[in-house]
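Convention: sequence-line order gives letters A, B, ...; per-chain numbering from 1.
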2 protein chains.
Amino acid sequence: MSITIYDVAREANVSMATVSRVVNGNPNVKPTTRKKVLATIERLGYRPNAVARGLASKKTTTVGAIIPDISSIFFSELARGIEDIATMYKYNVILSNSDQKKDKEIHLIDTMLEKQVDGIVFMGGEITEEHINQFSTANVPVVLAATNDTTDTLPSVNIDYQTAAYEATSHLIRKNKQQPGFITGGEHIQANGLKYEGYVKALKDANIELDEKLVIYNDCTYNGGITAVQQLLRLSESPPSVFVATDEMAVGVIHGIQDEGLRVPEDIEVFGFNNTRVAMMVRPTLTTIVQPMYDIGAVAMRLLTKYMNKEDVDEKTVVLPHRVLERDSTK
Amino acid sequence: MSITIYDVAREANVSMATVSRVVNGNPNVKPTTRKKVLATIERLGYRPNAVARGLASKKTTTVGAIIPDISSIFFSELARGIEDIATMYKYNVILSNSDQKKDKEIHLIDTMLEKQVDGIVFMGGEITEEHINQFSTANVPVVLAATNDTTDTLPSVNIDYQTAAYEATSHLIRKNKQQPGFITGGEHIQANGLKYEGYVKALKDANIELDEKLVIYNDCTYNGGITAVQQLLRLSESPPSVFVATDEMAVGVIHGIQDEGLRVPEDIEVFGFNNTRVAMMVRPTLTTIVQPMYDIGAVAMRLLTKYMNKEDVDEKTVVLPHRVLERDSTK
DNA sequence: ATGAAAGCGCTAACAA
DNA sequence: TTGTTAGCGCTTTCAT
């Protein structure tokens with residue numbers, strides 16, 4: 001079959017151990033020998049078998065990434081951050097989509113542990129006891145990215161969603177002292193619960209009584225945004241502004257408003273969340289919360305490498321900064 | 001350390017071989033025995049080691065996917081198609097970004113072969129001799145997705161870019177018998193060469209003499225589109241329509257036109273390519289070529305499974321249908 | 001239907 | 001500096 005370390009050893013008149021040392025850059029090899037071995041490796045076209053190596057060394061230099069949906073503009077940037085840092089540290093990543101389904105998540109964790117990944121970056125809605133149990137069945141580090149952990153046991157990288165939502169809502173209230181609408185996805189999804197809390201807190205601090213009719217739930221998609229805003233506009237007194245849980249949904253909201261013959265921001269202001277690329281691809285461009293998605297992925301992966309190397313980490317829970325980015329969809 | 005097949009065998013009073021059979025669903029096991037083994041597996045929390053299994057069986061149930069950029073809206077949908085079908089056939093996928101850099105691509109192929117993937121889905125700009133060589137150093141099947149192979153040796157899944165571009169251009173010419181502008185990325189990138197050929201052929205068939213000044217190259221990004229269209233509008237006689245190589249770029253083109261105080265489609269028509277999600281997130285919504293990205297990924301992966309199972313395939317080169325989707329950016 | 005045993009290709013003591 | 005050798009955890013003949 002294919003060339004093994006044994007073939008190289010024979011051809012170079014050395015032992016397997018020496019070849020192994022050369023391949024792994026072990027300094028205890030005489031330069032002459034190294035050169036000779038390297039030459040025969042080249043000549044034979046030897047390619048180390050990472051599976052065998054993994055079995056012997058108990059390290060696969062592969063990490064798992066569990067992600068809700070790679071085709072989402074939000075998560076794909078996160079994934080890029082993870083990948084880039086993984087590559088930088090010579091890891092490969094096995095990526096799998098969970099669609100935020102708990103059973104899929106649990107199953108994926110299992111599969112990845114079977115594959116002996118050296119660590120896992122997990123992105124999802126929420127962490128439950130069951131997740132924790134599943135993680136604990138193996139001894140590999142796990143880092144959460146853009147995922148909140150109610151049990152607060154796992155290392156994680158996030159922004160402060162609640163404060164961000166608070167700021168967005170306050171920003172909207174500042175101008176016109178009225179309750180903005182809030183268009184969002186399910187509470188169990190992607191920190192939406194925290195956003196809701198921030199929204200409510202901002203209202204409270206501004207002494208505005210919460211009218212739940214102005215809170216509309218729908219899918220976090222473009223069409224979900226359109227549908228939701230239609231519902232909002234049908235209300236007897238529709239609000240002068242809307243805070244939307246994601247940018248893509250917010251773009252739908254803007255278009256839904258425009259399709260009703262209203263103007264953004266003149267008639268209704270719109271505030272998004274995430275600053276994905278679509279935010280500047282709408283007219284008016286979207287005011288939003290800048291969440292450093294790429295960085296969240298990158299920092300999470302970096303954190304994971306630390307755990308995998310058994311370095312000690314100072315911050316197990318990283319909170320990355322966010323900020324309000326004003327564009328043209330608000331006054 | 002952790003539970004091995006040996007532990008299970010001992011606890012269940014059977015041999016390793018029997019446990020292996022149970023785990024692998026081999027029918028040659030007495031039901032009683034199977035039950036007993038299953039019970040101890042459960043009790044011990046045994047989890048098969050896929051690395052050891054891979055070494056022994058020479059199959060990893062893992063495939064590699066080399067992709068230009070997972071954060072691109074185009075490729076991330078492709079990736080989702082790949083992932084879904086991979087999951088369906090019990091494969092995991094190692095995903096890596098190449099940024100269309102040839103050296104990265106070659107290196108990634110090498111790494112994946114080291115990891116003993118059972119197959120590779122490759123997405124990139126163009127396939128060169130060097131790629132072919134690298135692929136041939138191992139004995140695993142490779143399928144190209146949305147990637148053209150000038151050497152035409154590898155199985156692939158594509159749409160007919162040239163015809164699609166021909167149709168788009170013809171569509172634009174039909175109305176106003178004038179040469180549309182063509183805004184595109186580099187020729188070596190992502191089938192842009194083929195699109196150019198289709199564009200030129202359409203002009204020729206319409207007896208319009210090609211004016212190269214109307215062909216503008218820039219990055220295939222939103223900002224690239226803006227910059228390119230500014231350049232186009234600065235021409236003494238700017239064209240009545242533009243064909244743009246990708247949707248994201250086309251959205252930039254639309255906004256660039258609008259920012260100059262011109263209207264789409266009244267003053268200039270815009271035609272995109274790919275039908276990514278942004279196409280319906282612009283106003284006016286974008287007329288474009290529907291390219292079934294998810295399906296390209298899915299079909300490519302399905303094709304790969306056939307090769308991996310040594311089934312025989314009837315079409316080694318799959319061309320998926322495309323179509324013109326008229327929206328509001330053209331008259 | 002079950003077991004014994006020989007690898008799979010490599011790493012990592014331990015010896016020399 | 002180099003070689004010997006015993007695993008790593010599993011699959012897969014080949015016996016029985």
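Between C/dG3 and B/T18, a contact under 4.0 Å exists linking OP1 or OP2 to a side-chain N or O. Under 4.0 angstrom from either OP1 or OP2 of C/dG9 there lies at least one side-chain N or O belonging to B/K58. Residue B/T33 places no side-chain N or O under 4.0 Å from the OP1 or OP2 atom of C/dA1.
Residue contacts for B/V51: at a heavy-atom cut-off of 4.0 Å it reaches no nucleic acid atom on any strand shown.
Rounded to a whole Å, the NZ atom of A/K115 is 18 Å from the P atom of D/dG9. In this structure, A/L55 places its CG atom 4 Å from C1' of D/dC8, rounding to the nearest Å. When rounded to the nearest whole Å, the span between CG of B/N28 and C1' of D/dT13 equals 14 Å. D/dC10 atom P lies 10 Å from atom CD of A/E114, rounded to whole Å. Note: CG (A/N26) to P (D/dG3) measures 13 Å, nearest angstrom.
Partners of B/K35 under the side-chain contact (heavy atoms from CB on, under 4.5 Å) rule, at least two apart in sequence or in another chain, do not exist in this structure. For the side-chain contact (heavy atoms from CB on, under 4.5 Å) test, no residue two or more places apart in sequence or in another chain qualifies with A/N13. Remark: A/T305 engages A/Y89, A/Y91, A/M301, A/R302, A/M308 in a side-chain contact (heavy atoms from CB on, under 4.5 Å) (not counting sequence neighbours). Every residue two or more places apart in sequence or in another chain that forms a side-chain contact (heavy atoms from CB on, under 4.5 Å) with A/T60 is listed here: A/T62, A/Q116, A/D118, B/V51.
Sorted by first and then second residue, the salt bridge (Lys or Arg N to Asp or Glu O under 4.0 Å) pairs with a member in residues 128-157 of chain B read B/K102-B/E130; sequence neighbours excluded.
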Let me have a per-nucleotide readout for nucleotides 10-16 of chain C, 5' to 3', with B, S or -, counting only protein heavy atoms under 4.0 Å. BBBB---

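A donor and an acceptor atom, one from each side chain of B/T137 and B/N133, are nowhere located under 3.5 Å apart.
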